[in-house]
Participant: 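Supplied in structure tokens, the structure appears directly below.
In what follows, every heavy atom counts, from backbone to side chain, and hydrogens, waters and symmetry copies are set aside. For the single chain, residues carry numbers from 1 onward in sequence order.
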Amino acid sequence: MISRPTYLNKLIQLKDTDLIKIITGVRRSGKSVLLKLYRDYLLQQGISAQQLIYFNFETFDLLAVRSEQQLIDLLKPLLHADQHQYIMLDEIQMVTGWQRVVNGLHASYDCDIVVTGSNAKMLSGELATLLSGRYVEIPIYPFSFKEFLAAKGIAEDSRNLDAAFEEYERYDGFPAVVLADELVKDDMLSGIYDTIVLNEVSMRANIRDSESLQALVGFLADDIGQLVRPAKLANTLKSEGISTSNHTIERYLTLLADAFLFYRARQYDLRGRGYLRTAGKYFMVDAGLRRNAVGRRPGNYGGQLETIVYLELRRRGYTVDVGKMDAVEVDFVARRVDELLYVQVTYELPKNSHETDNLVNIKDNYAKLLITQRYYPNVKSIDGIPVMNIVD
């Protein structure tokens with residue numbers, strides 16, 4: 001197992017607190033491995049195996065445990081009122097009514113609870129209100145470039161960083177894909193894509209017309225980095241012979257976001273200091289998965305770069321929006337506690353000052369950053385705005 005210290009340290013910091021830890025993220029992003037790393041850490045700290053309760057609800061032995069009562073029957077013989085225990089429940093969303101059971105455990109036993117899930121809907125709805133104020137969410141993502149380097153055994157000062165980034169940009173960061181032979185990487189990405197789109201989204205939501213769903217995913221992946229309006233999307237798909245409606249598109253967009261396949265960045269009016277309801281941008285969770293969704297053909301390098309930057313900002317704990325100042329767009333407005341950062345992303349520096357003008361026109365004192373993919377070793381800043389290469 002590859003260590004993921006950033007996420008593991010969050011669990012360790014929250015160990016034995018009164019909060020239920022809920023690890024969320026797209027399938028195959030490493031949630032199960034993280035849970036096992038936490039279990040191993042506890043054993044190394046002298047916690048006895050008898051204090052640990054660990055179940056993965058996707059394993060063959062637990063396929064029949066799908067109801068609230070079945071979950072209670074599974075756990076009850078292992079619970080001890082006179083002992084502090086650590087309860088780890090992997091892919092818990094497979095069990096209907098799990099929130100009520102976890103809430104009961106939290107109220108009745110001296111225990112540290114960690115659960116994982118692959119669907120954002122597990123934290124919404126009537127039952128989820130039972131856990132309101134009692135849990136902390138830990139979102140997990142495929143490997144960052146730094147984690148990619150560590151997994152591949154490439155030093156951060158290596159001369160091969162550019163080649164490594166090209167591979168990362170092509171296949172991105174699903175752990176199993178990173179470690180696989182290059183001959184099977186695309187096949188693995190195709191399998192992950194089918195698992196999420198056809199199983200996690202289509203089957204779970206009982207979608208009969210998977211063709212329109214896959215067409216939507218392909219369109220979003222191909223047009224990544226562009227503002228999305230459901231009505232316009234519906235018309236575009238209709239023009240290509242796929243019958244759909246605004247309501248269907250809105251439903252599909254919600255389902256794709258719930259499965260963590262896409263993240264929506266809302267549009268924020270920098271002058272009016274408020275969110276605009278009209279549109280947002282959708283970024284795919286993994287650049288390699290995006291390439292698979294568009295048939296592995298090259299193109300939209302700017303959108304690909306924006307995706308990598310967007311996800312890296314989220315990994316670092318930022319809430320990320322798309323900025324709008326009158327008719328001018330700022331790629332990202334990133335907030336973290338009291339920190340605010342404006343980010344503009346470009347594959348290469350244009351001959352004009354368009355990319356930095358978008359940032360210069362923001363008349364406040366918050367940090368600004370311009371990120372490029374091409375190297376400009378002699379350009380450290382433009383109009384006082386730092387210029388940084390994506391690899392750096």
Side-chain angles (χ1 to χ4, degrees), residues 24-29 58 91 93-94 117-122 124-125 142 170-174 176-177 184-266 278-304 306-307 310-311:
T24 59
V26 69
R27 285 189 177 277
R28 308 291 292 277
S29 58
E58 287 194 317
E91 295 295 354
Q93 84 279 350
M94 307 296 289
S118 302
N119 197 289
K121 210 172 183 74
M122 63 187 284
S124 63
R170 183 178 179 84
Y171 299 112
D172 213 322
F174 280 105
V177 176
V184 299
K185 287 180 185 288
D186 278 325
D187 289 338
M188 293 180 70
L189 283 168
S190 180
I192 294 171
Y193 176 85
D194 288 344
T195 297
I196 298 169
V197 176
L198 299 179
N199 295 347
E200 186 67 26
V201 179
S202 291
M203 290 180 65
R204 188 176 293 275
N206 196 25
I207 294 175
R208 296 179 181 178
D209 180 18
S210 62
E211 180 187 7
S212 60
L213 174 65
Q214 294 196 66
L216 173 61
V217 173
F219 182 87
L220 290 174
D222 198 26
D223 212 31
I224 214 151
Q226 301 300 313
L227 289 171
V228 170
R229 293 177 173 83
K232 184 179 178 181
L233 266 178
N235 290 333
T236 300
L237 293 177
K238 285 177 183 176
S239 69
E240 296 180 3
I242 298 171
S243 179
T244 188
S245 66
N246 294 5
H247 174 75
T248 298
I249 293 297
E250 289 173 356
R251 178 176 177 241
Y252 286 177
L253 289 172
T254 299
L255 291 169
L256 293 170
D258 284 345
F260 303 109
L261 184 61
F262 285 89
Y263 292 95
R264 181 174 186 262
R266 295 189 294 172
T278 53
K281 289 188 178 184
Y282 284 81
F283 294 95
M284 209 163 190
V285 69
D286 181 87
L289 213 57
R290 175 203 166 269
R291 190 176 63 87
N292 185 276
V294 298
R296 302 172 190 169
R297 53 185 168 79
N300 196 359
Y301 298 110
Q304 185 93 325
E306 277 191 46
T307 299
Y310 173 81
L311 291 169

Participant: Do Ile207 and Leu255 have side chains that approach each other closer than 4.5 Å (heavy atoms only, starting at C-beta)?
Facilitator: yes
Participant: Among residues at least two apart in sequence or on other chains, which ones pass side chain to side chain donor-acceptor pair (under 3.5 Å) with Asp172?
Facilitator: Tyr168
Participant: Could you work out, with side chain to side chain contact (heavy atoms under 4.5 Å, CB included) as the rule, every residue matching Thr195, not counting sequence neighbours?
Facilitator: Arg27, Asn199
Participant: Sequence neighbours left out, what passes side chain to side chain contact (heavy atoms under 4.5 Å, CB included) with Arg266? Give chain and number order.
Facilitator: Arg264, Tyr275, Asp321
Participant: Would a 4.5 Å heavy-atom cut-off, applied to side chains only, mark Leu198 and Gln214 as touching?
Facilitator: yes
Participant: Listed by chain and number, what are the salt bridge (Lys or Arg N to Asp or Glu O under 4.0 Å) partners of Asp187, not counting sequence neighbours?
Facilitator: none
Participant: Would you indicate whether Lys238, at its atom NZ, is surrounded by more than 12 heavy atoms from other residues, nucleotides or ligands within a distance under 6.0 Å?
Facilitator: yes
Participant: List in chain and number order the residues that pass side chain to side chain contact (heavy atoms under 4.5 Å, CB included) with Ala176, two or more places apart in sequence or in another chain; answer none if no residue qualifies.
Facilitator: Arg28, Met188
Participant: For residues Lys185 and Arg170, determine if any side-chain heavy atom of one lies less than 4.5 Å from a side-chain heavy atom of the other.
Facilitator: no
Participant: Who passes side chain to side chain donor-acceptor pair (under 3.5 Å) against Asp258, sequence neighbours left out?
Facilitator: none
Participant: Once salt bridge (Lys or Arg N to Asp or Glu O under 4.0 Å) is applied, what residue pairs with a partner in residues 216-226 remain, sequence neighbours excluded?
Facilitator: Asp222-Arg297
Participant: Any side-chain heavy atom of Asn119 within less than 4.5 Å of one from Glu200?
Facilitator: yes
Participant: For Gly117, is there any backbone N or O sitting under 3.5 Å from a side-chain donor or acceptor partner on Thr24?
Facilitator: no
Participant: How would you list, by chain and number, every residue that makes a side chain to side chain contact (heavy atoms under 4.5 Å, CB included) with Thr244, sequence neighbours excluded?
Facilitator: Ala234, Leu237, Thr248, Ile249
Participant: I need the full list of ring pair (Phe, Tyr, Trp, His ring centres under 6.0 Å) pairs touching residues 230-266, with sequence neighbours left out, sorted by first then second residue.
Facilitator: Tyr141-Tyr263
Participant: List for me each residue that meets side chain to side chain donor-acceptor pair (under 3.5 Å) alongside Gln93, sequence neighbours excluded, and say none if there are none.
Facilitator: Glu91
Participant: Under the rule for ring-ring contact (aromatic ring centres under 6.0 Å, His included), what residues qualify as partners of Tyr310, not counting sequence neighbours?
Facilitator: Phe283, Phe332
